[in-house]
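Fair warning: this is a prediction, and the values are worked out from it, not measured in the lab. Worth knowing before you read on, the calculation uses all heavy atoms, side chains too, and leaves out hydrogens, waters and symmetry mates.
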Amino acid sequence: MTRKLILSLSVCTYLLAQDSIIELNQISVTQTKQEEQNLTVASSTSKKDKNEIDLDQVIYQKDLLNSLSGVRIEQTSSGIGHTTAIRMPNGTSGYYLFMQDGIAVQSSGFFNHNGLAYTSFENADNVEVLKGAGSALYGSDAVAATINVNSLEKPSKQLEREIKTTVGSFGFYSAKTEVSDTIDEQSAYRANVSYSSENGYREHTSYDRVESNIRYDYKYNDENILKTIFNFTKTDAQQADSFSDYSYILEGSKEASNKASFYTALNNTDIRRQFDFARLSVDWSNYSNDDLEIVLTPYIRFNENRYVATWEKNLPSNDTKIYTFGLLQRNTLETNYGEVIFGFDTEYTDSSLVYNQDFDITTSGKTYIKGTIYDYDVIYTAIAPYINNKWEINDKLDFVVGARYDYNKFDYTNNLSTGADSSGVYYRPEDQSDSFTHFSPKASLTYKLDDTTTLYTRYANGFTIPSATKLYSMKASYTQSELNPETSNTYEIGFKKEYEKAYIETNVYFMNIEDTIISEKDSFGNSYYLNGGESEHKGLELTLFGNLTDDISSKIAYSYSKHNFVNDATYNNNEMAEAPNHTANFRLFYNPFFMKKLTLMGEIQYVGDYYLNNENTKKYSGYEIGNIKGTYNLSKNLSFFGKVTNVTDKKYATSASSAWSDSYTPANPRAYYAGLNYKF
């Protein structure tokens, strides 16, 4: 596969010249929260626009993001759940800042690795991924990447209506409606709502999901503009389990699990995962001063995460509710030497967590009695001033330096008795407060060789604070959890070149993470957390797209990476588990000159082999699959679309590990989807 990719790269590079479904001159907003041409941004920022998203016919989060270089999203056994691997091994750690419309979808300290499930990923207008530590505008969690899903494009000038419906394998069905119009000279709106449902190809993998977004733009006068956005998503998904025996993968088993304990739980409790999300935000932009833009963004947000912890021996259930009020304040000052962006972010969050044992069970010599394990509240407050200063040294050279100071505080209240629960496994600490501070410097240098070619280098420091569950959901064998933030440094050199009808971007990076929060197990097999070491992450990323002929274009997104422990007491300098060295996505677009209403895409998704464990004694072969997608415009208003995924019906695991025992998450077999889109 690697040899085929290298050959394709050579052919593409030689033939770059001629229109592609990929948009050139992409405009990015994630780095500084204002529009910038991606060519001149001193970072590796990958963007996917609406044309390509529509062709992908997004059903899962991976459909939205896995065509970007160095980005790997894998679905979990609950279907809509996911893991993320961007400049990091595949996993659930809090190294990613998930945003929608420029605002985080969850508070730092309450990281949910399924954070993309809160976004409107099925109906996204566009998505951007800023790889590496974030700019000065971002704080905790923006360590390996910042992902921003934009839900709605600007309202239309005239009345637009859209109805879209899709059917597919495993009982999949979705329907969406959208409307947009300009009300008067001052105001306009866009709104959509969608519903999707799937039975799942395995037992106990069905889900139902609702997405809704409303945007209202109001121009009070030339100096004051308001943008109000409401986002709502609700997901109810059954949970299956991974397999501990790979033969179940090869046989294409439709069972929910090969473990008796899972079915014991299924007979006693409701094993499912539910995500609820709602947020209302208002952007107020003021231009009273010709050289100064002032933006004030207050928002209120609600998150609820309910699930059964199928990875725990006693299979407890969790219900976490999080209510947040936040305020983002940003000022952009044009100066005679460049630009200064400064402001602050602040949040107040009121959360509650209830962890229940839903049935009596004895396992591994421990008896768990039906009842409440944890019941606690956490008040979280955060404030972070920042500054980002850009000097335009001359027509070709820009220098940017920035800094951010974050203060985060938790106030924890235990609503149960202090001490161990009846099983002697869990521990409820007494009321306490914890606070964390961090200073994050940033710097970059951009050199424009000409109007179409850019070289850049950058440095960015990042961090992630311990989550509330790691601080307060303790085990009886480890009742003191004095954790520090994890810190990181990203170093990067990149090259960007834009041709008339083609684009190439490549970079090399190095990132280290110190004070890593790791999970250990005691003599009873119970997990606990501590700051435990250092790791290094380095690699090369490449994005290349252009036309091969007048009606055939291509896109290659490739990444080479290595992830190693650094002088670890247990693993020495071993490679980290679940970290393939090579990942790639190759796409070929066909828009025949004799049938311009038709667009077809062939796609190869490649994930190389990787170690299953940190001891580096077992390996998984990775996978390579093909997909075919297409659209046909039946008329000006009506279009037909469809796709076939996993064309060869390959039996493989989307993720595989052997940390405590073997675990393989099965991928969907070959699937067919088709739909109609009517605009009027």
Side-chain angles (χ1 to χ4, degrees), residues 27-38 40-43 45 97 99 101-104 107-108 128 130 132-143 146 148 223-227 281-299 325-348 381-393 397-409 436-446 456-463 465 485 487-490:
I27 302 298
S28 171
V29 298
T30 301
Q31 174 88 345
T32 59
K33 294 192 177 181
Q34 56 187 2
E35 292 188 349
E36 297 180 289
Q37 189 179 6
N38 197 28
T40 62
V41 174
S43 67
T45 302
L97 180 59
M99 300 196 304
D101 301 316
I103 305 172
S107 295
S108 297
E128 293 183 41
L130 167 59
S135 68
L137 279 67
Y138 304 111
S140 181
D141 302 346
V143 171
T146 299
N148 184 28
E223 297 178 350
N224 294 278
I225 298 173
L226 295 173
K227 180 176 70 176
S281 66
V282 180
D283 255 13
W284 172 32
S285 301
N286 177 270
Y287 304 93
S288 300
N289 188 309
D290 290 342
D291 297 324
L292 180 66
E293 177 193 38
I294 301 173
V295 180
L296 198 66
T297 308
Y299 60 90
F325 171 75
L327 178 65
L328 309 179
Q329 202 286 314
R330 174 171 53 87
N331 312 285
T332 304
L333 177 65
E334 299 293 334
T335 68
N336 57 5
Y337 61 82
E339 175 187 84
V340 181
I341 302 174
F342 61 97
F344 68 89
D345 302 337
T346 186
E347 271 196 354
Y348 174 87
T381 52
I383 186 165
Y386 62 84
I387 186 169
N388 193 76
N389 205 333
K390 177 181 178 181
W391 281 274
E392 297 174 353
I393 297 174
L397 190 63
D398 294 341
F399 176 61
V400 177
V401 63
R404 180 185 179 96
Y405 181 80
D406 283 84
Y407 172 80
N408 310 89
K409 184 181 180 183
F436 306 96
T437 60
H438 187 77
F439 176 74
S440 305
K442 327 272 182 174
S444 67
L445 196 65
T446 305
Y456 73 87
T457 182
R458 83 173 186 117
Y459 161 78
N461 176 270
F463 76 105
I465 60 175
T487 60
S488 74
N489 295 286
T490 292

### Summary
Those residues at least two apart in sequence (or on a different chain) that pass salt bridge (charged side-chain N to carboxylate O under 4.0 Å, His left out) with E339 are none

### Message
Return the CG to CD distance between N388 and Q31, rounded to the nearest 0.5 Å.
### Response
7.5 Å

### Task
Say whether, by atom type as modelled, one donor and one acceptor occur between the side chain of R458 and the main chain of S444 under 3.5 angstrom.
no

### Pairwise side-chain contact, L327 with F344, heavy-atom cut-off 4.5 Å (strictly under)
yes

### Query
Around atom CH2 of W391, are there more than 12 heavy atoms of other residues, nucleotides or ligands at under 6.0 Å?
yes

### Task
Heavy atoms only: give me the nearest D291-N289 pair and the separation to one decimal.
N-OD1, 2.9 Å

### Task
Using distance alone, with no hydrogens and no angle criterion, decide if N408 and H438 have a side-chain donor and acceptor under 3.5 Å apart.
no

## Note on the structure
Between E347 and S107 the two heavy atoms that sit nearest each other are OE1-OG, 2.9 Å

### Query
Can you name the nearest heavy-atom pair linking I387 to A136, along with the distance?
O-CB, 3.6 Å

### Message
Are the side chains of P441 and Y459 in contact, using a 4.5 Å heavy-atom criterion?
### Response
yes

### Query
Atom CG of L137 and atom CG of D345: how far apart are they, to the nearest 0.5 Å?
7.0 Å

### Query
N224 side chain to N286 main-chain N or O, any donor-acceptor pair under 3.5 Å?
no

### Task
Go through the side-chain N and O atoms of T45 and S43 and say whether any donor and acceptor fall under 3.5 Å apart.
yes

### Task
Enter the distance from T446:OG1 to L397:CG here, rounded to the nearest 0.5 Å.
8.0 Å

### Query
Does F463 offer a backbone N or O that forms a donor-acceptor pair with the side chain of S488 under 3.5 Å?
no

#### Entry: Those residues that, when tested against R330, pass salt bridge (charged side-chain N to carboxylate O under 4.0 Å, His left out) (two or more places apart)
E293

### Message
Looking at every non-hydrogen atom in both residues, tell me the closest pair between L328 and G102 and how far apart they are.
### Response
CD1-O, 4.2 Å

### Query
Of all heavy-atom pairs between V143 and G462, which one has the smallest distance, and what is that distance?
CG2-C, 4.3 Å

### Task
Keeping the roles fixed (side chain from S135, backbone from T32), state whether a donor-acceptor pair exists under 3.5 Å.
no

### Query
CG of L97 to OG1 of T146: how many Å apart, nearest 0.5 Å?
4.5 Å

### Query
Within a strict 4.5 Å, meaning less than it, do heavy atoms of the I341 and K33 side chains meet?
no

### Query
Atom OG1 in T381, atom OH in Y407: separation rounded to 0.5 Å?
6.0 Å

### Message
Test your reading of the model: is there a side-chain donor-acceptor pair from K442 to the backbone of V400, 3.5 Å cut-off?
### Response
no

#### Entry: Rounded distance (nearest 0.5 Å) linking atom CG of N331 with atom CZ of F342
4.0 Å

### Message
Given 3.5 Å as the limit, does a donor-acceptor pair link the side chain of Y138 with the main chain of T30, or not?
### Response
yes

### Query
Just by modelled atom types, is the D101 backbone N or O under 3.5 Å from a matching donor or acceptor in the N148 side chain?
yes

### Task
Could you tell me which non-hydrogen atom of G134 sits nearest to which non-hydrogen atom of A460, and how far apart they are?
O-CB, 4.0 Å

